[in-house]
Amino acid sequence: MEKLREYAKEIGIDLSDEQLDKFFTYYEMLIETNKVMNLTAITDKDEVIVKHFLDSMLLVKAYPDILDCEKVKILDLGTGAGFPGLPLKIVFPYIDIVLMDSLNKRVKFLQEVIDKLGLNGIEAIHGRAEEMARNKTHREAYDICVSRAVANLSTLSEYCLPFVKVSGSFISYKSSEIEEELNSAKKAITTIGGKLTAVKKVNLPGSDIERSFVIIAKEKNTPKAYPRKAGTATKNPL
């Protein structure tokens with residue numbers, strides 16, 4: 001795990017021995033559970049360190065305020081095996097994070113990790129974005145929504161922006177080639193109440209991977225019609 005410490009320093013993060021221990025425990029639980037449940041196709045330790053743990057931390061390059069923002073509330077939508085939300089919580093224990101996923105058995109795994117690591121100010125919730133975004137507890141309740149989910153930006157904007165407060169932001173983890181996807185998502189972003197403010201490209205240490213962070217500011221309240229009913233955003237993007 002010392003590689004993780006070295007790579008993290010390259011992006012301005014100093015990891016303590018306690019944090020490295022938590023990442024190691026997380027890795028062990030991920031690999032063990034992955035034997036009976038499909039959590040990740042990436043299982044090699046070095047690859048998990050770079051492509052999951054370090055990649056999750058890269059948010060610091062797109063959102064440097066995370067280094068000093070004790071009151072920020074973050075939603076990780078479509079978190080899967082906990083990325084990027086769980087690594088962000090380990091690195092920045094003072095932030096509040098909700099991990100949301102549509103598959104209950106993944107949520108149970110995440111809760112086991114949270115309990116094992118003794119993390120506070122983090123919650124794993126089972127639910128679909130289309131339904132949870134209409135729940136008063138979650139609608140326009142978050143300062144930041146992040147997502148590494150594999151979906152086009154138009155669909156992700158319809159799922160994620162309804163959770164974000166006006167003046168907050170949706171930050172999407174994307175691959176380096178994003179221009180065509182950005183053009184296709186313009187209508188959705190505007191319709192849901194957002195405005196594209198920046199695309200930040202960052203090299204992932206320890207690899208030849210370039211990550212694009214699409215940063216969308218929430219300028220106005222999301223119309224009540226959105227998100228549309230289950231599956232519509234995927235089948236018929238705005």
Side-chain angles (χ1 to χ4, degrees), residues 56 58-79 83-85 88-89 92 94-102 121-123 125 127-174 178-179 181-202 211-230 232-234 236-238:
S56 295
L58 274 187
L59 182 70
V60 72
K61 291 296 185 181
Y63 181 57
D65 286 353
I66 200 171
L67 291 167
D68 185 26
C69 56
E70 295 188 11
K71 294 183 179 180
V72 72
K73 188 172 184 180
I74 297 176
L75 172 66
D76 175 10
L77 188 64
T79 185
F83 308 118
L88 290 174
K89 182 63 183 180
F92 308 110
Y94 46 82
I95 60 179
D96 284 330
I97 288 192
V98 170
L99 311 174
M100 191 177 290
D101 198 85
S102 61
I122 182 169
E123 186 178 5
I125 294 177
R128 293 183 63 93
E130 300 96 330
E131 297 164 0
M132 301 303 285
R134 295 188 173 279
N135 184 313
K136 291 180 180 179
T137 302
H138 298 287
R139 190 174 182 88
E140 298 188 331
Y142 297 89
D143 301 294
I144 303 290
C145 179
V146 295
S147 184
R148 281 207 327 167
V150 179
N152 67 68
L153 190 60
S154 176
T155 300
L156 282 175
S157 296
E158 184 169 348
Y159 285 156
C160 294
L161 278 170
F163 290 99
V164 180
K165 296 176 181 176
V166 173
S167 77
S169 296
F170 162 43
I171 303 176
S172 178
Y173 285 63
K174 284 290 180 181
I178 191 65
E179 285 70 23
E181 198 171 334
L182 280 173
N183 287 329
S184 299
K186 285 179 179 178
K187 180 184 176 183
I189 292 169
T190 303
T191 301
I192 308 299
K195 179 183 180 182
L196 177 66
T197 56
V199 177
K200 295 189 178 180
K201 297 196 174 186
V202 185
R211 171 67 83 185
S212 289
F213 287 95
V214 179
I215 304 169
I216 299 169
K218 183 72 172 283
E219 288 197 316
K220 57 186 179 181
N221 297 108
T222 298
K224 291 182 179 180
Y226 300 100
R228 291 168 290 170
K229 65 181 182 179
T232 306
T234 302
N236 186 26
L238 289 170

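Quick note: residue numbers are just sequence positions, from 1.
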(request) Kindly indicate, with the supporting measurements, whether the criterion side-chain contact (heavy atoms from CB on, under 4.5 Å) is fulfilled by Tyr142 and Val98. (result) CA-CA 9 Å; Tyr142 297 89; Val98 170; 3.6 Å; yes
Qualifying residues under ring pair (Phe, Tyr, Trp, His ring centres under 6.0 Å), relative to [X], sequence neighbours excluded:
X      : answer
Phe170 : none
Tyr63  : none
Tyr173 : Phe213

If I take atom [atom1] from residue [X] and atom [atom2] from residue [Y], how far apart are they, to the nearest 0.5 angstrom?
X      : Y      : atom1 : atom2 : answer
Ser154 : Ile189 : OG    : CD1   : 8.0 Å
Leu58  : Lys200 : CG    : NZ    : 12.5 Å
Ile144 : Lys218 : CD1   : NZ    : 12.0 Å
Glu219 : Ser169 : CD    : OG    : 10.0 Å
Leu67  : Ile95  : CG    : CD1   : 10.5 Å
Cys145 : Ile216 : SG    : CD1   : 10.0 Å

(message) Main chain of Ala149, side chain of Ser147: is a donor-acceptor contact present, judged purely on distance under 3.5 Å?
(response) yes
(request) Look only at the side chain of Arg139 and the backbone of Phe163, and say whether a donor-acceptor pair between them is shorter than 3.5 Å. (result) no
Report yes if the side chains of [X] and [Y] come closer than 4.5 Å at any heavy-atom pair, otherwise no.
X      : Y      : answer
Pro162 : Ile192 : yes
Ile66  : Ile74  : yes
Val214 : Ile178 : yes
Leu75  : Met132 : no

(request) Under the salt bridge (charged side-chain N to carboxylate O under 4.0 Å, His left out) rule, collect the residues that match up with Lys165, sequence neighbours excluded. (result)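 Applying salt bridge (charged side-chain N to carboxylate O under 4.0 Å, His left out) to Lys165 gives Asp143.
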(request) Mind checking salt bridge (charged side-chain N to carboxylate O under 4.0 Å, His left out) for Arg211 and listing every partner two or more places apart, or none if nothing turns up? (result)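 For Arg211 the salt bridge (charged side-chain N to carboxylate O under 4.0 Å, His left out) partners, ignoring immediate neighbours, are Asp55.
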(message) Suppose the criterion is side-chain hydrogen bond (donor to acceptor under 3.5 Å, both in side chains): which pairs have a residue in residues 155-164, not counting sequence neighbours?
(response) Glu130-Tyr159, Asn152-Thr155, Glu158-Arg228, Tyr159-Thr234
Nearest atoms (heavy-atom pairs only) where [X] meets [Y]:
X      : Y      : result
Ile215 : Ala62  : CD1-O, 3.6 Å
Val166 : Lys220 : CG2-C, 3.7 Å
Ser56  : Pro84  : OG-CA, 3.2 Å
Ile97  : Leu99  : CG2-CD2, 3.7 Å
Arg134 : Ala225 : NH2-O, 3.1 Å
Thr222 : Leu161 : OG1-O, 3.9 Å

(request) Look at atom NZ of Lys187 and say whether more than 12 heavy atoms of other residues, nucleotides or ligands are closer to it than 6.0 Å. (result) no
(message) For Lys73, is there an ion pair with Glu123 - N to carboxylate O distance below 4.0 angstrom?
(response)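 Salt bridge between Glu123 and Lys73, a charged N being under 4.0 Å from a carboxylate O: no.
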